[in-house]
Amino acid sequence: MSPNLTALAYLAASVLFILALRGLSSPAAARRGNLMGIGGMAIAIATTVVNPDIVSYGWIAAALAIGGVIGTVVARRIEMTAMPQLIAGFHSLVGMAAVLVASAALNHPSTYGIVDAAGLIRFPSRIEMSLGVIVGAITFSGSIVAFAKLQGLMSGDPVMLPGRHVINIVLALAIVVLMVMFVGNPDPNLFWVFTALAFVIGVLLIIPIGGADMPVVISMLNSYSGWAAAGIGFTLENSALIVTGALVGSSGAILSYVMVKAMNRSFLSVILGGFGGDAGPAAKGKNDRPVKSGSAEDAAFVLKNAASVIIVPGYGMAVAQAQHALAETADKLKEMGIRVRYAIHPVAGRMPGHMNVLLAEADVPYEDVVELEEINADFADTDAVIVIGANDVTNPAAKKDPKSPIFGMPILEVERAKTVLFIKRSLAPGYAGIDNDLFYAENTMMLFADAKKMMQDIAKEL
């Protein structure tokens with residue numbers, strides 16, 4: 001394929017990636033956007049494979065076969081509850097790919113066409129390689145830690161090392177100094193040292209981040225992986241990789257901003273960590289507070305006499321895989337002439353859009369799913385709210401307790417409804433690790449049970 005045709009094909013792939021991103025901004029267009037992304041990737045791969053400079057297709061065929069099999073198996077077997085850690089795992093692969101490509105370019109620069117007249121790596125390529133490998137290494141090790149936290153392989157509690165800020169600053173400065181030295185003199189030893197330090201700082205940046213900040217971490221790692229890919233795209237002189245990396249990097253950065261805004265946090269406070277950990281027993285000194293508990297029959301009675309119902313899904317719904325039973329109950333309520341909607345908080349679950357994906361899987365109509373800003377004013381006129389494990393995003397402490405770590409965070413104001421039906425296994429706090437005053441409110445009825453079974457029992461009663 002001629003250089004002009006290659007450039008044109010990569011341009012077509014880039015346009016499809018942009019359209020895919022546009023489609024993914026709306027649930028109604030998400031399927032079409034996904035197909036456009038697949039089409040763009042197929043064009044990009046095909047264009048690369050027919051490159052006349054390729055001398056052997058053996059490794060390429062093996063890589064495509066292995067990756068295709070793994071991807072197919074993962075896509076078919078992965079549970080929706082494991083989607084956040086799966087995405088973290090995919091981010092790690094992008095980061096490691098950037099590290100490996102940069103390492104190969106360092107060892108065989110002439111193969112990549114990045115040598116100057118003196119036989120050394122070109123000055124611009126040294127910068128590109130250095131940035132790509134540093135961001136890639138941080139993305140890889142940070143994503144592995146995020147995966148381990150989400151998968152439960154390590155505690156979701158913040159790990160606070162003594163003097164961690166000083167350590168991180170020293171490591172960051174060392175990486176910058178070594179990178180500048182490498183750019184001035186491409187000594188492989190310098191390259192390997194700052195690459196190793198980047199792996200270390202990736203771990204140190206993520207271990208102090210608590211579970212409540214995990215949605216932000218996922219989107220931040222997404223952004224990092226994009227910038228790593230874009231950096232290596234310059235080394236490979238591949239326009240499609242540059243454009244795709246820039247799209248992923250910038251969209252991930254924007255999404256991270258949306259996440260921290262939704263949590264009343266800042267990028268700096270997230271990076272510094274310390275917010276949220278594993279859910280344990282209810283907060284000390286509060287276990288003796290009285291709560292009003294009920295049964296499926298009680299909940300069904302409340303719902304039958306309601307004119308409007310709002311459902312607030314959270315991670316508890318994902319864990320119990322209760323979305324289908326929930327949708328069935330909502331359909332029964334609609335048949336009874338009751339208005340039913342779903343309220344979504346931007347950081348509900350473990351990754352951005354987690355609840356939207358689960359509801360779409362249960363064929364919940366897009367028009368019934370409403371974002372926080374649009375639905376908060378309606379809670380005061382709502383007869384009943386069903387909360388399924390959405391702990392932190394419904395906690396009134398965010399508005400009333402200045403000492404609370406979530407104070408100032410926008411929440412779904414469910415406490416304003418006439419009745420709140422809170423489905424939960426126990427009074428344990430959410431991922432932020434703090435007690436929820438909503439449990440003890442006069443208008444709250446706690447339904448202690450597995451969310452899926454409770455929704456099935458309520459459906460039977462209806």
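Just the heavy atoms: all of them, side chains too, but no hydrogens, waters or symmetry mates, feed the values below. The shown structure was predicted, so the numbers you read here are calculated from the model rather than taken from an experiment.
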Query raised in the report: Can you tell me if Asn168 uses its side chain to pair, donor with acceptor, with the backbone of Leu205 under 3.5 Å?
Result: no
Query raised in the report: Between Thr329 and Met455, is there a donor-acceptor pair closer than 3.5 Å when you use the side chain of the first and the backbone of the second?
Result: yes
Query raised in the report: What is the distance from atom CG of Asp331 to atom CG of Leu326, rounded to the nearest 0.5 Å?
Result: 9.5 Å
Requested in this report: Supply the atom-to-atom distance Ile18 CD1 to Met36 CE, rounded to the nearest 0.5 angstrom.
Outcome: 12.0 Å
Requested in this report: State whether the side chain of Ser256 and the backbone N or O of Met220 hold a donor-acceptor pair below 3.5 Å, judged by distance alone.
Outcome: yes
**Report entry** Donor-acceptor pair, side chain of Asn376 and main chain of Glu413, under 3.5 angstrom
**Finding:** yes
**Report entry** Arg341 and Asp368 ion-paired at < 4.0 Å
**Finding:** no
Report task. Taking Ser92 for its side chain and Phe140 for its backbone only, find out whether a donor-acceptor pair lies under 3.5 Å. Result -> no
**Report entry** Heavy-atom pair of closest approach, residues Thr139 and Leu221
**Finding:** CG2-O, 4.0 Å
Query raised in the report: Between Ser223 (side chain) and Ser219 (backbone), is there a donor-acceptor pair under 3.5 Å?
Result: no
Query raised in the report: Would you say the side chains of Thr48 and Asn51 form a donor-acceptor pair under 3.5 Å?
Result: no
**Report entry** Inter-residue atom distance Ile201.CD1 - Ile175.CD1, 0.5 Å rounding
**Finding:** 4.5 Å
Requested in this report: For Tyr440 and Asp435, run side chain to side chain donor-acceptor pair (under 3.5 Å): C-alpha distance rounded to whole Å, both residues' side-chain angles, the deciding distance at 0.1 Å, then the answer.
Outcome: CA-CA 10 Å; Tyr440 316 102; Asp435 201 28; 3.0 Å; yes
**Report entry** Gap separating the CD1 atom of Ile423 from the CG atom of Asp450, nearest 0.5 angstrom
**Finding:** 9.5 Å
Requested in this report: Indicate yes or no for a side-chain donor-acceptor contact from Ser251 to the backbone of Val248 under 3.5 Å, with no hydrogens or angles considered.
Outcome: yes
Report summary line: Rounded to the nearest 0.5 Å, the OH atom of Tyr10 sits from the CG atom of Leu241 at a distance of 9.0 Å
Report task. Indicate yes or no for a side-chain donor-acceptor contact from His345 to the backbone of Pro410 under 3.5 Å, with no hydrogens or angles considered. Result -> yes
Query raised in the report: What are the two closest non-hydrogen atoms of Val302 and Ala384, and how far apart are they?
Result: CG1-CB, 4.1 Å
**Report entry** Lys332 and Glu335 ion-paired at < 4.0 Å
**Finding:** no
Report task. Answer yes when Glu415 and Lys399 have at least one side-chain N-carboxylate O distance shorter than 4.0 Å, and no when they do not. Result -> yes
**Report entry** Donor-acceptor contact below 3.5 Å, side chain Tyr57 vs main chain Val49
**Finding:** yes
